[in-house]
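Here the structure comes first, spelled out in structure tokens, and everything after it is commentary.
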Amino acid sequence: MIEALRSAMDVSLERDPSVIVFGEDVGYFGGVFRCTAGLQAKYGEARVFDTPINESAIVGLAVGMAAEGMKPCVEVQFADYVFPAYDQITQEAARLRHRSNQQFTCPLVVRMPTGGGIFGGQTHSQSPEALFTHVAGLKVVIPSTPYDAKGLLVAAIEDPDPVIFLEPKRIYNGPFYGDHAGTSVNWSSHPAGEVPEEHYTVPLGKAAVTRSGSDVTVLTYGTMVYVAEAAVKAAGLDAEIIDLRTLLPLDLETIRASVEKTGRCVVVHEATRTSGFGAELIAEVQEACFWHLKAPVLRVAGWDAPYPHAQEWDYFPSAERIARALSKVMED
Amino acid sequence: MIEALRSAMDVSLERDPSVIVFGEDVGYFGGVFRCTAGLQAKYGEARVFDTPINESAIVGLAVGMAAEGMKPCVEVQFADYVFPAYDQITQEAARLRHRSNQQFTCPLVVRMPTGGGIFGGQTHSQSPEALFTHVAGLKVVIPSTPYDAKGLLVAAIEDPDPVIFLEPKRIYNGPFYGDHAGTSVNWSSHPAGEVPEEHYTVPLGKAAVTRSGSDVTVLTYGTMVYVAEAAVKAAGLDAEIIDLRTLLPLDLETIRASVEKTGRCVVVHEATRTSGFGAELIAEVQEACFWHLKAPVLRVAGWDAPYPHAQEWDYFPSAERIARALSKVMED
Amino acid sequence: MSKVTLSYPHPPARPDQAPDFSRIDRSAPGALDVPPLDITAQDCWPYAVGLIRVLDDDGQAAGPWADYLGDLTADRLKQGLRDMLRMRAVDQRMQNAQRQGKTSFYLQCTGEEAIGCGFQRQLGEGDMNFPTYRQQSLLIAADYPLESLLGQLYSNDLDPLQGRQLPIMHSARDYGFFSISGNLGTQYVQAVGWAMACALRGNDKIAAGWIGDGATASNDFHSALLSASVYQPPVVLNVVNNQWAISTYTGVAAGRSQTYAARALGYGIPAIRVDGNDYLAVLAVSKWAIERARGGHGPVIIEWFTYRAAAHSTSDDPSAYRAKDEAAAWPFGDPVERLKAHMILRGDWTEDRHEQTWAELLAEVAEVQKRVEAHGTFVNPKPVSPAAIFTGVYADMPEHLRRQRQEMGY
Amino acid sequence: MSKVTLSYPHPPARPDQAPDFSRIDRSAPGALDVPPLDITAQDCWPYAVGLIRVLDDDGQAAGPWADYLGDLTADRLKQGLRDMLRMRAVDQRMQNAQRQGKTSFYLQCTGEEAIGCGFQRQLGEGDMNFPTYRQQSLLIAADYPLESLLGQLYSNDLDPLQGRQLPIMHSARDYGFFSISGNLGTQYVQAVGWAMACALRGNDKIAAGWIGDGATASNDFHSALLSASVYQPPVVLNVVNNQWAISTYTGVAAGRSQTYAARALGYGIPAIRVDGNDYLAVLAVSKWAIERARGGHGPVIIEWFTYRAAAHSTSDDPSAYRAKDEAAAWPFGDPVERLKAHMILRGDWTEDRHEQTWAELLAEVAEVQKRVEAHGTFVNPKPVSPAAIFTGVYADMPEHLRRQRQEMGY
Ligand SMILES: Cc1ncc(C[n+]2csc(CCOP(=O)(O)OP(=O)(O)O)c2C)c(N)n1
Ligand SMILES: Cc1ncc(C[n+]2csc(CCOP(=O)(O)OP(=O)(O)O)c2C)c(N)n1
Ligand SMILES: [Mg+2]
Ligand SMILES: [Mg+2]
């Protein structure tokens, strides 16, 4: 997925001189996850550069540049470090178009590695998506495959509005089915691991049905798409798995069609449960599909506690927990 | 409600020398809403003082003081301005106890006027509660009467953990039933407007049933408690209105008992709809009371747009909108 | 006994005391020369702690900054005076309009008119200001149509922002005026970003950031100075030090910093402190700073030393926290009076013409006001369609907003 | 053609180049005197841009700061040397343990040992450090039990934090060591708050904030300096300038600031720059600064000038971004070697005793390591109960956490 993200920035820098990439360690070194490796050498320091360690400055500068007409694609080193920039993102970037009645707009992308499963402890593991989906004016994207990662990132950079682009770092190098003790799989063995070199986009706002089925609908995104897959296999159910890809705006049509078909739904995310994005999904599902629902919609999510280091695999929503929820939702 | 809040700080400053109050304009002047008027004169500058305009410094200082053992009760001038402090609140205050295995704790209160209805435009009207309810380690409180305001604030100050204390500014001076064109009512005419001078607490984590009824349950808090009351009257229904008072931790028992009784539920808040706290309420209600529900739970909330100035009353969830939702939920 | 006590900054006077500005140093105009455009921060100390002045107490222009400015035509001075008077007329009338309930909110810049009026007249086409709510003077001096200005204040169909924003939160891209945010400080680092974009495009435009003394405490002030120091974009960073932040004395934001300009020196950014009530000093230093930025010499900070003569806003009553008549005691006088005195001294102006011009401008504003009020006021609202809530949240309206708009009935 | 171009700070050398520290000024020890404890920021410029040194290249202690420190006993010096060596032994062994997969993460402070070791030995009981992840040396010099230190690194039942935190994110209240946050900068303003609490209680304790050069860019650095400047609490604010922030050269955080100490002067806080690889300079300046804070003279900033000899962490490989052998070229040498040379010169130490002590300390650490590893490592985990996830989120566990714990099976 790292190469896919790099390729997305590469083609965007190539096509549009107003695209510009910056963040902590992204310039000379190419990013602590290597997502921007080689880009400074290729496009020069004026297009790809290092910043001081100040996330609000990174986003604040990007807002000013975007208002002027550039298209900044900035990196926050970990999603856990986005909070100093929360004011600039939510109060400024998100509202500039509206408050200026379109005199100024804010086409920028804030990329950040998100989620756990890498033994990063509480400050390298958080999943803050719900803190952005509540904010009108933002788009919130989270890919689960290299192919989508590139196509969605290109679309995000080309989008006329600010996009929060969350990169599930657990699957940077390959899909992860929740078996942390097992051997890791590489993207090369996965069909969506293949990424065309040239420019393409995957549209924002469209979910993908990654497994169709009739028993129950699983709504999820990012790393949990694979863990859910494993859980479905384990539970031996014919579940439909929807990879939301864009959380805001939400592809409610795809969700509705699925839940109307299955009548059952489980929502899965890594983020803490209370007021997580799962809550929004459930609120929408029960309103849109109430008369089709045969059982309450269940959530499988991170516990409502800081992300622990040693107890990571007790915290991370496991395939077993998802499978239990799937079975439970089938009981009724 | 302003006098009630002031009285809460007054009795707390009086009883406990480790209580300390600070924020922008709260010292000599006594706060732009006058909540701390007279307190500096009474307790001295070392207990009640002005700060520079830097919300992250206000909370950051408070975290350091609280860790040392003091009990800071700080003011953020408007909830719209809490975002520079978001990092200190969510990454620091919320997790200090847990991450230090209780070596350090963080008993602090962040007070802030919240909500709209005062023609404040997008930066004096926001309702950010859901951005805090997602954060493990915080408590989130919002009173709707002077009596509760004092009792809850005293309880918050005495609480051993960090509390976000949201003050619905539209009802600072009196209840507001959504009739913006009508004459404003004063707290003196409301039973809960009477506030004992002495120390008392209202426990955190307990909701209040402000109107009991059997047709439908309305879950709400803050200003909307009154607007919901007006809507219920208008709709001519025997609704049960629950004033949540504390959003985190949530008093699910009271909610469950009510919805099991009524079988119908409407959730009302001023904050934008998507990923608002209403989503969490619905997720919990449908899981806890699925078999009792006779209709989908509906949300009446702020539109998913920045809070507008001139169109305030088209934006603010009106009694009519709530009444419409109540009727709709009764249809099924 | 512990020797440690905390310190709390105090204003020189509170309501029960007489105004006291005796601690303010008033060196004479001419005490500071005009530094080279490529001066470094290290050499800037005298400019950062001194005060650049041009007009002396008698209205005489003197010193190297007067020379730098060169001969100003009478028309140029009249333009400046008219800008300031027009600004004052708008402030007075709109303050009254708010008092009459015709608008929800207003906020004056009385006493600070010279700063925005002078600075704006030195900017070029395409330069962009990132203002706070107290820089409406930039709009006046940019000849922004009063219809639009007042339309915004009345949130009616003449409002270019369709009523979305609180009165005073203007936005006027074509007039070099960035959309104002209610969140203090945020615009400052955005100005730096815009200036970086200018540099990257090589379009010879510059940006100007604006911030109040109180808001220098904000994180974005730091972010802005730091970024400007690192990347050296063409940005002029203005600090309007008007001594107060609502009820809070400027000392609470300054701490032990000598001046705000001196704080900027720590970031390695040249900084200069100016009598903001001296229209000629404003013109001169603005010219210097803008030339410096456009010339590729990097960022510069200007601390405009002034006094907030009016209340913070229509929601505020300063008699509760500051000495009565403090404004009148301000040692640098009133910018209008001082420019007027200078012009009279030069023989370009008379008391009569002044009165006449003031009356004329008041009438002009009143006339526009009347016309604009016909489009709706707070007591007689004719707001634009509520559907405006939903347009412009995104470039293309997503499904959920379409549903909500429908639910609202539009 | 526009004259405007942006600037991007560059390190003196990249991997394909030879290390180059020729731009670093190396004034001799003794060039700077010891300022009075109540010195103001304004008078601090020479100390903020100079460099306080005590040990010269031959290992001789010289100058006013050596005098200020007074005669040090041989034991005192040995203690310092042993602290630094013990630190280095822990770093070496734990770096290896991580390489062997026994822990998920580690991070060394090689080259910076003198700073924390020296500073801590000047603190008093009850003083509180607010460290970053690279100040484990504070714990060593506070005689923190190695069992607890290593227990945290292995996340086993000897970990005082019950495995909750990433290795290296210690917390040790009783040893004056505040809980480390992974979010850079946040601790700096908290230190100021803690110091304010000390002042309010009048308990004669002080706080010490720690931050890296890279993290001085954070907002909390600004908040901390501003608050300290305003309220004047007893806090020593340390900046550890080790030239790098992961792959980013310190110039990106410094911009055009002369030094980090000089930036602090802008806030009106006295600041002083010190050779951080000189154990005696560390002892002397720490003594001065701590005395100053405790004596009620307000905050002070110390910039410790040093070099990050090791990689940023076990996740990092600096050969990709900085000159090979840059550490060896560092003009201020290695703190252990320099103190050792001084002690040998004094006749208090020999090469043999040094070797012997190093072997002894390595053995000591190895012995503890073995014992601690028996309680579980990353490859052989015996973590504490998963229920620890839920305890301590709040003082009292709320219902929803109780339900979740039950759901987890505990
Ligand atoms: C982030 C933030 N915090 C607090 C406020 C509330 N507030 C509005 S104006 C003001 C005072 C600003 O003072 P100053 O910067 O000196 O500007 P002036 O009003 O004097 O022009 C405050 C505290 C705000 N708008 N934004
Ligand atoms: C808010 C925040 N942003 C980014 C990071 C990622 N990060 C961890 S360490 C580091 C470099 C810090 O450099 P410096 O402050 O110089 O300390 P040093 O590692 O040199 O001791 C960065 C960018 C972080 N931890 N927190
Ligand atoms: Mg001010
Ligand atoms: Mg460093």
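Order of the sequence lines fixes the chain letters, A, B, ..., with proteins taken first and strands second; residue numbering starts at 1 for each chain. None of the values given here were measured: they were computed from a predicted structure.
Inter-residue side-chain proximity for A/Thr274 and D/His400 is flagged as met; some heavy-atom pair is nearer than 4.5 Å. In this structure, the side chains of D/Val384 and A/Gln311 come closer than 4.5 Å at one or more pairs of heavy atoms. The closest side-chain heavy-atom distance from A/Arg273 to D/Gln404 is below 4.5 Å. Side-chain contact between A/Val32 and D/Ser315 is absent, with no heavy atoms from C-beta onward closer than 4.5 Å. Looking at A/His309 and D/Met169, their side chains never come closer than 4.5 Å, going by heavy atoms from C-beta outward.
Interface summary for chain D: among A/Ala46, A/Pro84, A/Gly121, the most heavy-atom pairs under 4.5 angstrom belong to A/Ala46. In terms of heavy-atom pairs under 4.5 Å with chain A, the best-connected choice from D/Arg14, D/His10, D/Met408 is D/Arg14.
Between the CD atom in A/Gln122 and the OG atom in D/Ser181 there is a gap of 7.0 Å [rounded to 0.5 Å]. Atom CD of D/Glu407 is separated from atom CZ of A/Arg321 by 5.5 Å, given to the nearest 0.5 angstrom.
A/Trp303 and D/Phe390 have perpendicular rings, their planes meeting at more than 60° on a 0 to 90° scale where under 30° would count as parallel. Ring orientation note: the planes of A/His124 and D/Phe105 are tilted relative to one another, at an angle of 30° to 60°.
Residue A/Glu320: no heavy atom, backbone or side chain, is found under 4.5 Å from chain D. For D/Ile246, the parts lying under 4.5 angstrom from a heavy atom of chain A are both the backbone and the side chain. In this structure, the portion of A/Tyr307 lying under 4.5 Å from any heavy atom of chain D is its backbone and not its side chain. There is no contact between D/Pro11 and chain A, counting heavy-atom distances below 4.5 Å. Heavy atoms of D/Phe221 lying under 4.5 Å from chain A are absent altogether.
Considering every non-hydrogen atom in both A/Asp80 and D/Asn183, the closest pair reads O-ND2, 3.1 Å. Between D/Leu401 and A/Asp304 the shortest heavy-atom distance is CD2-O, 3.1 Å. Between D/Ala215 and A/Ile53, the closest heavy-atom pair is N-CD1, 4.1 Å. Of all non-hydrogen atoms in D/Leu166 and A/Phe119, the two that sit nearest each other are CD1-O, 3.4 Å. For D/Ile389 against A/Ala305, the heavy-atom pair with the smallest separation is O-CB, 3.3 Å.
No side-chain N or O of A/Asn54 forms a donor-acceptor pair with one of D/Ser218 less than 3.5 Å apart. For the residue pair A/Asp25 / D/Ser247, a side-chain donor-acceptor distance below 3.5 Å is found, with atom types taken as modelled.
Residue-environment remark: CG (A/Asp179) exceeds the threshold of 12 foreign heavy atoms within 6.0 Å. Remark: A/Lys328 NZ is loosely packed, at most 12 non-hydrogen atoms of other residues, nucleotides or ligands lying under 6.0 Å away.
Ring centers of A/Tyr28 and D/Tyr321: at least 6.0 Å apart, outside the cut-off.
Here the side chain of D/Asn219 pairs no donor or acceptor atom with the backbone of A/Ser56 at under 3.5 angstrom.
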